[in-house]
Undergrad: 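Below you will find the structure I want to go over with you.
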Amino acid sequence: MIRFVLRRLLAAAILLLIVLTLAFAVVALAPGDPMAPTDPRIPPEQAERLRALYGLDQPLPVQYVRWLGAVVLHWDWGQSYRTGQPVAELLFDALPPTLLLAGAALLAQYLLGIGLGLLAACRPNSRLDLSVRVASLVVYALPTFWVGLMAVLVVAVGLGLAPAGGMTSAAAFELGPVAAALDVLAHLWLPALVLGLSMAGDIARYTRSSLIEFQATEAGRAARARGLSETRILLVHGLAHAAPRLLQLASVSAPLLLSGAVVAEVVFAWPGLGTATLLAIQSGDIPVVLAATAYGAGLVIAASLAADLLLTRLDPRISVE
Amino acid sequence: MIPVVAMRLLAAAGLAAILTWGCASDTPPDRTRLTVGMRFEYPTPNELIGPSTLSYSAISNQFFLPLMAEQPDFRDGPPTWAPGLATDWEFSEDRLQLTVRLRQDARWSDGEPVTAEDVRFSWLAQTDPDIPWSYSLYKESITDVEVVDAGTVRFHFDAAGPTALADVSTGLILPKHAWEPRPFAEWRGDPGWFFEHLVTGGPFLLENRTPGQELVLGRNPDYFEDGLPRLERVVLRTASDGAALTNLLLAGEVDVATGLGATDAQRIANQPGLRLIAYSNRQFTFVSWNTRRPWFQDAETRRALAMAIDRQAMVDTIWHGYAEVGNSPIISSVWAHDAGLEPWPHDPRAARDLLAAAGWTDGDGDGILERDGVPFRFELATFAGAPARWDAMQMIQADLRAIGIDAQPRRVEPGALIQRMRDKDFDAAASAFAIDTSLDLRYAFHSRSIPGGDNYAAYANPELDRLLDSFATRLDPSAGLEDLHRLQRILHDDQPILVLWEPLTLAAFNEELESVEPNALSPLANLQEWAWR
């Protein structure tokens, strides 16, 4: 197992290096000067000084080696061109809200998806089953930004059932720990639900098909022959049968969750990695774009690795060797 | 049985949601506090290394003060200045020196007095090449800042000029005793250091900061103006999107929202309890015709383009009326704007006639005009990420197509396009300028600004150069009004740029607030006077 993990970690490091190099090459070779002042009152000499300050006056290979060296040796991702803030510090602030949102969305998508899949599987080809299947396709097809906007307009602004945006209420720093946690939860549930909704449809369909498939297997028939209740057959044995496939979906949904988070964060004014990345892209803030790309790639690779490891635990047919 | 279990799972999820919603339920409004929604980033309280944005400087002005504050009365005449940290000031006879007396009652939040040493320290920092500050250009005319005594400072200039007060008052006065220990060369490396060593001298203190979410400003009890600020606390909340800000406002989670889009404003316009205001922001959006290209070399053709393009339609459809058709780079909200200029009317027939007179005909019958074998087909570029301008490009394309001109819109990354425009490596491009009230337009229209500069159209006119130079050296700008009118007339007739529109800035606030008067200089102007009724 340890050798497997080490092998995967090494592969992940190589993959990350490739992603970093490609990302650097793409942004470095893109046309445009990130230091070009957009305000005519800022003289070109200032841009020259800033270019020298950020090392942009050096040849590209030198810039690359310096940048990569600083990242690997000191976890120094440079400074934001836009705000002057160290990028590592900026993303350190932005990452936890995104992880919280993505984690809650993952939970929401599994709760919803498995629940709906169970409903559909217990009466295959019934009206209920058809409704679940159609609904799951519809939510899968709906773009997150539209669902998010509608959710804010109807649920938050119209009905007042949730805050309209942000991660906390105004001046929440004064709240005690319990009230602060509840305040974050109150702000979290709607964006997490919106973000989790699209993949929930996928999970519902996989859950349904796995459970129906299980009922037709020898194990399913044996369980029924032993007199187990339908509830126990589906909830315990059926879900255990479906678990590996559902887990694989988690690694597939990680990049979707991250890209969806960009949209959800903007719609819900959620202060995460997505918002930071979007602002950086809009303003040509290359160090932040590069770091956010690397963080995103790292998160996806980590999710994939975790899913693989869990899969080996859940499914004895899969060996790590 | 199974459905019941599944329903329980769903019910549990729903219950959790409802429980959490419970803690977000309505509470009585806190009238000692105001929540403002605006797009901002505030990575450091040190403006010399912070972002060059209006929202950033609006916030910084709550913590620090300039010597004098420019007043938003530029519609009535040349800019005037009100005392900030200075009580009064006096020019020497030759106007090469300006003596400024400071308030005796101004103190930093740690109790230290604000002195002339702070003023000199600020100037040294503003001009230090190791920092380097974006607006150090304003300090180029100042050769020295002399500390006369603790309460008096004297500015020395290399020449007498009309912008002396603007040059002196640009930039905030920084706390020498708190920030001097850090060498200037290290300022950019650690912007967060200034939060840890923050002492303020403005109307507010920084109570709390949650990066990416909010700043909490508290009333400075030692602020020198009696009874101000009127609010105990102001919470500034950020969102990266105008629609999100609007939602926060409509949901009652912010009391004021600034920097709204025209579409957002429509959602707010008729909401009870909210007041929408629109004000000039000193910007104008324009198309530069590169006069080095064969299509744009003569004024007749450029005038024809102006008449072919329906700018009122842009204002109506893109801005929903929250903008005005532009007519001059000296925009209509500025005192020197020539109100006698009539915008070129939208008249495609007259445009076609003008083009024919200028030699543009469709000789080969392909629907596109030609002159000397050159088809009237060009690239019309604008910045990526500027949706209003992109919409305008589509409308211009349709308008020009109707008179036989093929304009091909293209979005270009902003840095790349600016470089191309400065290098004159473009056909036509839409961009925007925000004019300052000095009205020194040499950077945009003087022939000296053609090579590598912001005279994008590469427009050279000796008479215009003379007018620009003459106005820039006038000690009394109002005496140069005739020159400015003549200058506008030349630009109007020659059309090196076509001014499309002057946008309005939109803000909305709770009707129970009073004295909320954002203006072109700051969305948080007079924040210390804002109050609940």
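Please read all numbers here as calculations on a predicted model, not as lab measurements. These values consider heavy atoms only, across backbone and side chains, with no hydrogens, waters or symmetry-generated copies.
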Undergrad: Under 4.5 Å heavy-atom distance to chain A, tell me which part of B:Arg233 shows up: side chain, backbone, both or neither.
TA: side chain
Undergrad: Only pairs of heavy atoms separated by less than 4.5 Å count here; which of B:Arg33, B:Gln419, B:Arg237 has the most with chain A?
TA: B:Arg237
Undergrad: Between B:Ala239, B:Gly385, B:Ser240, who has the most heavy-atom pairs with chain A when the cutoff is under 4.5 Å?
TA: B:Ser240
Undergrad: I would like to know whether A:Phe173 and B:Arg209 meet side-chain contact (heavy atoms from CB on, under 4.5 Å); could you show each step before the answer?
TA: CA-CA 9 Å; A:Phe173 72 98; B:Arg209 178 177 75 108; over 6 Å; no
Undergrad: Give, as side chain, backbone, both or neither, the part of B:Thr35 having an atom under 4.5 angstrom from any heavy atom of chain A.
TA: side chain
Undergrad: Please list, in residue-number order, every residue in residues 87-97 of chain A that has a heavy atom less than 4.5 Å from any heavy atom of chain B; write 'none' if there are none.
TA: A:Asp93
Undergrad: Given heavy-atom pairs under 4.5 angstrom as the criterion, report whether the side chain, backbone, both or neither of B:Leu248 touches chain A.
TA: both
Undergrad: Can you tell if the side chain of B:Arg267 reaches within under 4.5 Å of the side chain of A:Leu153, non-hydrogen atoms only?
TA: yes
Undergrad: For a quick test of reading the model, state the closest non-hydrogen atom pair linking A:Gly84 to B:Pro191 and the distance between them.
TA: O-CG, 3.1 Å
Undergrad: Is any side-chain heavy atom of A:Gln85 closer than 4.5 Å to one of B:Thr44?
TA: no
Undergrad: What verdict does the side-chain contact (heavy atoms from CB on, under 4.5 Å) test give for B:Asn208 and A:Glu174, after you've listed the backbone C-alpha separation in whole Å, the side-chain angles of each residue and the deciding distance to 0.1 Å?
TA: CA-CA 10 Å; B:Asn208 191 64; A:Glu174 289 186 320; over 6 Å; no
Undergrad: Walk me through it: do A:Leu279 and B:Glu41 pass the test side-chain contact (heavy atoms from CB on, under 4.5 Å)?
TA: CA-CA 10 Å; A:Leu279 284 172; B:Glu41 290 177 285; 4.0 Å; yes
Undergrad: Please give me the minimum heavy-atom distance between A:Pro86 and B:Gly189, naming the atom from each residue.
TA: CG-O, 4.4 Å
Undergrad: Distance from A:Thr83 atom OG1 to B:Tyr56 atom OH, nearest 0.5 Å?
TA: 10.0 Å
Undergrad: Ignoring hydrogens, what is the shortest heavy-atom contact between A:Leu50 and B:Pro132? Give both atom names and the distance.
TA: CD2-CD, 3.9 Å
Undergrad: Quick one: which residues of residues 165-172 of chain A reach chain B at under 4.5 angstrom, heavy atoms only?
TA: A:Gly165, A:Gly166, A:Met167, A:Thr168, A:Ser169, A:Ala170, A:Ala171, A:Ala172
Undergrad: Can you say whether A:Val267 sits under 4.5 Å from chain B via the side chain, the backbone, both, or neither, judging by heavy atoms?
TA: backbone
Undergrad: Quick one: does any side-chain atom of B:Glu253 pair with a main-chain N or O of A:Pro163 as donor and acceptor, under 3.5 Å?
TA: no
Undergrad: Which residue out of B:Ala244, B:Ser52, B:Ala243 racks up the most heavy-atom pairs below 4.5 Å with chain A?
TA: B:Ala244
Undergrad: Measure the spacing between CZ of A:Arg49 and OG of B:Ser136 and express it to the nearest 0.5 Å.
TA: 6.0 Å
Undergrad: Look up atom CD in B:Gln213 and atom CH2 in A:Trp270, then write down how far apart they are to the nearest 0.5 Å.
TA: 8.0 Å
Undergrad: For the CG atom of B:Asp130 and the CG atom of A:Leu53, what is their distance to the nearest 0.5 Å?
TA: 8.5 Å
